[in-house]
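Whatever order the structure lists ligands and atoms in, that order sets their numbers, starting from 1. All heavy atoms count here, side chains included; hydrogens, waters and symmetry mates do not.
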Amino acid sequence: MLPDKKIIADSNDRLLKSHNQHFSFLSGNISHLPSILDKLQAFQVAIPSWALGTGGTRFGRFPGGGEPRNLEEKMEDIALLHSLNRSSGAISLHIPWDIPSDYSKIKALASDYGLRFDAMNSNTFQDQAGQDLSYKFGSMQHVQKAIRKQAVDHNIEVIKYGKELGSSSLTVWLADGSCFPGQLNFRKAFQNTLESLQMVYERLPADWKMFVEYKAFEPNFYSTTIGDWGQSLLYTSKLGAKAFTLVDLGHHLPNANIEQIVSLLLMEGKLGGFHFNDSKYGDDDLTVGSIKPYQLFLIFNELVEGMDARNMNHTKDLAWMIDASHNVKDPLEDLLQSVEAIMISYAQALLVDKVKLEAARMENDVVAAQEELQNAFRTDVRPIVAEARLLSGGALDPLSIYRDQKIRQQLINTRGSEIMATGL
Ligand code: RM4
Ligand code: MN
Ligand code: MN
């Protein structure tokens with residue numbers, strides 16, 4: 001289903017004149033444009049294997065047809081996105097939703113498509129068919145050792161799959177916590193979880209990283225055992241140098257200052273992974289940039305600043321993943337929009353004049369500091385992002401090709417309209 005190179009080239013030809021006008025209008029004023037374009041071209045964000053199907057809520061799920069029937073077809077969908085935007089060249093697998101059956105076949109397919117295996121995700125928030133013990137009252141925190149061991153063993157198995165595929169990181173997100181006061185001894189829950197994480201950490205290959213993701217609430221509504229960045233940082237500090245905190249945008253209480261959180265985690269060398277989505281209320285998993293684009297820009301500004309302060313490589317030194325759901329949109333269109341929003345915010349963050357901003361701060365010139373950030377945010381950088389795509393062999397307008405080629409209909413024709421992809 002990958003669009004022919006000629007289709008992309010023809011579409012670009014049609015749009016080129018107008019694109020060039022917009023791009024040259026912008027480019028005259030930006031001195032470090034070549035470096036921005038290089039960074040945009042290098043930047044890749046992983047697509048999780050569960051995001052290719054129509055998501056759902058706990059009330060219902062309305063599959064849109066043509067969903068991938070297996071891991072191979074999920075990879076085909078990501079390759080399709082990547083061929084259009086050249087920025088989604090990685091896949092993040094969720095186990096057991098997407099256990100690879102034939103490693104060499106899956107690896108060969110990934111290399112054909114130019115995809116990398118990013119972080120592996122374990123799942124101890126659901127019970128699977130045939131599973132011995134239930135996670136109803138938690139997994140790594142559980143009062144029963146046998147259940148904790150089952151969760152640990154599962155994570156060790158996930159590492160094994162990842163090693164076979166060439167991944168080099170494990171993301172642990174736990175739904176563990178309590179729904180009612182009195183249900184849990186917080187200290188024991190923490191200690192059990194730490195001990196379980198340590199058992200997994202011991203089995204981490206030397207060149208691997210482990211990401212500990214936090215979330216404020218849901219599915220537990222009174223306490224979450226890894227509920228915020230402070231708790232995650234406690235675990236990752238105690239675990240060791242290969243353990244890092246993972247920030248998921250939707251996992252905070254309303255109005256949390258996420259940009260400050262990422263800044264401090266980077267300062268400590270403890271930010272390892274980042275999940276993109278957007279939300280109005282909680283873990284809504286809406287399209288990136290659809291609700292609070294200014295916040296996304298402010299976060300990106302701190303990410304860039306904090307990574308530069310530590311000489312980190314923007315592309316390789318953090319694991320970037322989209323973590324969103326698609327209840328009412330075609331998932332592939334939604335993912336194209338998400339990647340575009342990420343690239344826009346990243347480009348805007350690269351526009352900020354750090355020297356001027358710092359000078360304004362030193363003078364306590366609050367107005368100048370705000371102006372510097374908002375000048376960048378209010379610049380329409382879409383022609384820069386499109387130029388980077390063009391230079392990488394992608395499409396000037398990915399979404400229009402997807403629509404003009406009626407790709408969803410083609411997918412329905414080959415895969416059928418009744419399929420529900422594995423995932424949430
Ligand atoms: C959780 C969390 C994890 C994701 C699962 C599916 O809310 O964000 O990162 O893997 O959802
Ligand atoms: Mn997440
Ligand atoms: Mn989430």
Side-chain angles (χ1 to χ4, degrees), residues 45-58 61 74 90-99 117-128 135 138-140 151 154-155 158 161-162 167 169-177 197 209-221 224-229 231-232 235-236 244-254 256 258 261-262 265 271-288 290-291 296 299 318-327 331 334-335 338 342 420-424:
V45 53
I47 309 291
S49 57
W50 67 269
L52 287 322
T54 320
T57 68
R58 62 202 167 102
R61 186 169 168 182
K74 291 183 173 191
I91 177 169
S92 194
L93 291 192
H94 274 68
I95 306 296
W97 292 335
D98 290 293
I99 297 181
F117 288 96
D118 212 281
M120 302 293 294
N121 301 266
S122 57
N123 176 344
T124 59
F125 49 87
Q126 290 176 321
D127 285 345
Q128 307 299 330
Y135 294 131
S139 57
M140 289 194 174
H154 165 69
N155 276 273
V158 173
Y161 295 132
S167 165
S169 49
L170 170 73
T171 297
V172 180
W173 172 68
L174 302 179
D176 293 22
L197 288 170
K209 293 178 182 174
M210 181 166 161
F211 305 134
V212 177
E213 183 171 359
Y214 60 88
K215 178 169 175 174
F217 68 96
E218 198 211 11
N220 276 294
F221 293 104
T224 298
T225 299
I226 312 180
D228 64 22
W229 71 285
Q231 288 161 19
S232 169
Y235 287 106
T236 56
F244 298 86
T245 294
L246 184 146
V247 172
D248 180 312
L249 287 177
H251 289 192
H252 302 86
L253 292 173
I258 304 171
I261 294 172
V262 301
L265 284 171
L271 182 63
F274 200 90
H275 286 179
F276 293 102
N277 47 55
D278 208 345
S279 58
K280 184 144 179 73
Y281 303 105
D283 191 28
D284 309 347
D285 280 344
L286 299 178
T287 316
V288 186
S290 61
I291 307 279
L296 183 64
I299 293 167
L318 287 189
W320 308 102
M321 187 186 99
I322 292 179
D323 199 1
S325 203
H326 324 281
N327 302 337
D334 192 329
L335 287 163
S338 288
I342 292 167
M420 278 218 211
T422 52
L424 279 183

Handout entry: Test item: side-chain donor near acceptor, W97 and Q128, under 3.5 Å
Key =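 No, no side-chain donor-acceptor pair sits under 3.5 Å.
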Practice task
Compare all side-chain heavy atoms of S92 with those of I47 and state whether any distance is below 4.5 angstrom.
Solution key: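 No - every pair of side-chain heavy atoms lies 4.5 Å or more apart.
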Problem - Short N/O/S contact of D283 with the Mn ion (ligand 3) (below 2.8 Å) - result: yes
Completion exercise
Rounded to the nearest 0.5 angstrom, the CZ-CH2 distance for F125 and W173 is 5.5 Å
Practice task
Find the distance between CG (D323) and CG (D283) and round it off to the nearest 0.5 Å.
Solution key: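 Between atom CG of D323 and atom CG of D283 there are 7.5 Å.
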Is the backbone N or O of [Y] less than 3.5 Å from a side-chain atom of [X], with the two atoms forming a donor-acceptor pair by type?
X	Y	value
N220	A175	yes
D118	A46	no
T224	G177	no

Exercise for the section: Output the set of protein residues with a heavy-atom contact under 4.0 Å to ligand 1, ordered first by chain identifier and then by residue number. Expected result: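 Only W50, H94, W173, E213, K215, D248, H251, H275, D283, D323, L424 have heavy atoms that fall under 4.0 Å of ligand 1, ordered by chain and number.
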Exercise for the section: Answer yes when K74 and D98 have at least one side-chain N-carboxylate O distance shorter than 4.0 Å, and no when they do not. Expected result: yes
Exercise for the section: Could you label the plane-to-plane angle of the F217 and F221 rings as parallel, tilted or perpendicular, counting under 30° as parallel and over 60° as perpendicular? Expected result: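 Tilted: the ring planes of F217 and F221 meet at 30° to 60°.
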Exercise for the section: Keeping waters out of it, list the protein N, O or S atoms under 2.8 Å from the Mn ion (ligand 2). Expected result: E213 OE2, D248 OD2, H275 ND1, D323 OD2
Handout entry: ring pair (Phe, Tyr, Trp, His ring centres under 6.0 Å) partner of Y214, the single match among H251, H252, H275
Key = H252
